[in-house]
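Residue numbers run from 1 in the order of the sequence given.
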Amino acid sequence: MSTAPNRRAVAVVLLIPLVVTLALWAFAWPAARIAPRDLPVGVAGAAPAADQLARQFDQREGAFQVHRFDDEAAAREAIEDRVVYGAVVAGREGPHVLTATAASPVVAQLLREAVTAAAPEDARVQVTDVVAAPPGDPRGSALGASVLPLALAGMGAGAAVTMLGLRGIRAALTLTGAAASVGLAATGVAHSWLGVITGGWWTEAGALALTVLAIGAAVAGLSALLGPRGLGVAALLMILLGNSFSGVTSAPHLLPEPVGVIGQWLPPGAGGSLLRSVAFFDGGAAGGPAVTLALWSALGLAAVLVAGRRRTSAAPAGDQAPGSP
């Protein structure tokens, strides 16, 4: 009796728990370890009150990265440019907390609680949301939920190009067209219908399209280089790790190290950061994520084009009859 079916059955029994364990680790571990890690915050105002606020942040070693500003206007500008997530202004009547729920509702709440807990009992803590999340998505839930559909769209586009046998320029044009279509459709839903992103319509569409193109090109490129195994590697990077390490539902600086950094190197995390920048901060700090997505797109499309050229040049030799000169 052949043992091949038995071996396949054993492989399935062992593989499924392994995949589930890996998925639980990727999603549950970062969520269970959320805490500030070199979280950029600002302190503004005159000494010695501002110095005391800075020391309170410094007491939590490794949690906060304190930026000093001369006054409230400079702190607000830094928040709008996404240099810091929030700031505390030392005032005569008590600390004034400047937050940005559009950057991260989780960080805004954490900053409010940290300042309130450290303030004297009789102190009045004033809170101002400098860049507020849109009314359609006050908790950032919809924005956080957008990462997985984008990753699936890119994964689907790359897998379709691979399975259909599209190569070279045709494959590159198909990936680009699919990404552009997804960008337009997703912006129509998120901006025009739900109102959960509120920036420039075409800029948002471009950010979404670039995210899908980076993922789709990476999937197709890995498949062109590695064959069928490339789809598995791409699913691991883009769906499992890219989605869970993106930090869109909280903030990259709240994830365990080096998860937050890795997440921003992958297209889903970079795409989430880029979308947040163009949707709420007029493009502030959008350069890094845009470059990351452009590199993934360029490398993936280059792999597709090179693989297609190699197969085209090898085809005439393979078509020759055996024994022909």
**Q.** W265 backbone acceptor or donor facing W296 side chain under 3.5 Å
**A.** yes

Q: Establish whether V306 and L299 are linked, either directly or via other cluster members, by ILVMFWY side-chain heavy-atom contacts under 4.5 Å.
A: no

Q | Flag, side chain of D38 to backbone of Q65, donor-acceptor distance under 3.5 Å | A | no

Q) Quick one: does D71's side chain have a donor or acceptor within less than 3.5 Å of a partner on G45's backbone? A) no

Q.
Within the structure provided, determine whether F245 and L237 are in side-chain contact (heavy-atom separation under 4.5 Å).
A. no

Q. Can we say R76 and E72 salt-bridge, meaning some charged N sits less than 4.0 Å from an Asp/Glu carboxylate O?
A. yes

Q | Student check: side-chain heavy atoms of L208 and T187 closer than 4.5 Å | A | yes

Q: Compare all side-chain heavy atoms of R33 with those of L255 and state whether any distance is below 4.5 angstrom.
A: no

Q.
With heavy-atom distances below 4.5 Å as the criterion, would you say the side chains of H253 and P36 are in contact?
A. no

Q. Do T292 and Q264 get their side chains close enough for a donor-acceptor pair, meaning under 3.5 Å?
A. no

**Q.** Nearest-0.5 Å distance that lies between atom CG in N243 and atom CG in L150
**A.** 10.0 Å

Q) Is it true that M163 and V219 fall in one hydrophobic cluster, defined by side-chain heavy atoms closer than 4.5 Å? A) yes

Q. Can you tell me if S223 uses its side chain to pair, donor with acceptor, with the backbone of P228 under 3.5 Å?
A. no

(Q) Checking side-chain polar atoms at under 3.5 Å, does H191 have a donor or acceptor matched by the opposite partner on T198? (A) no

**Q.** Side-chain donor/acceptor of S273 to backbone N/O of A270, under 3.5 Å
**A.** no

Q. What distance separates S244 OG from L24 CG, expressed to the nearest 0.5 Å?
A. 11.0 Å

Q.
Testing the 3.5 Å rule here: is there a donor-acceptor pair between the side chains of S192 and W201?
A. yes

Q: For the pair D282 and R82, find out whether any cationic side-chain nitrogen is under 4.0 Å from an anionic carboxylate oxygen.
A: no

Q.
Looking at every heavy atom in both L53 and V88, which two are closest together, and how far apart are they?
A. CD1-CG1, 3.7 Å

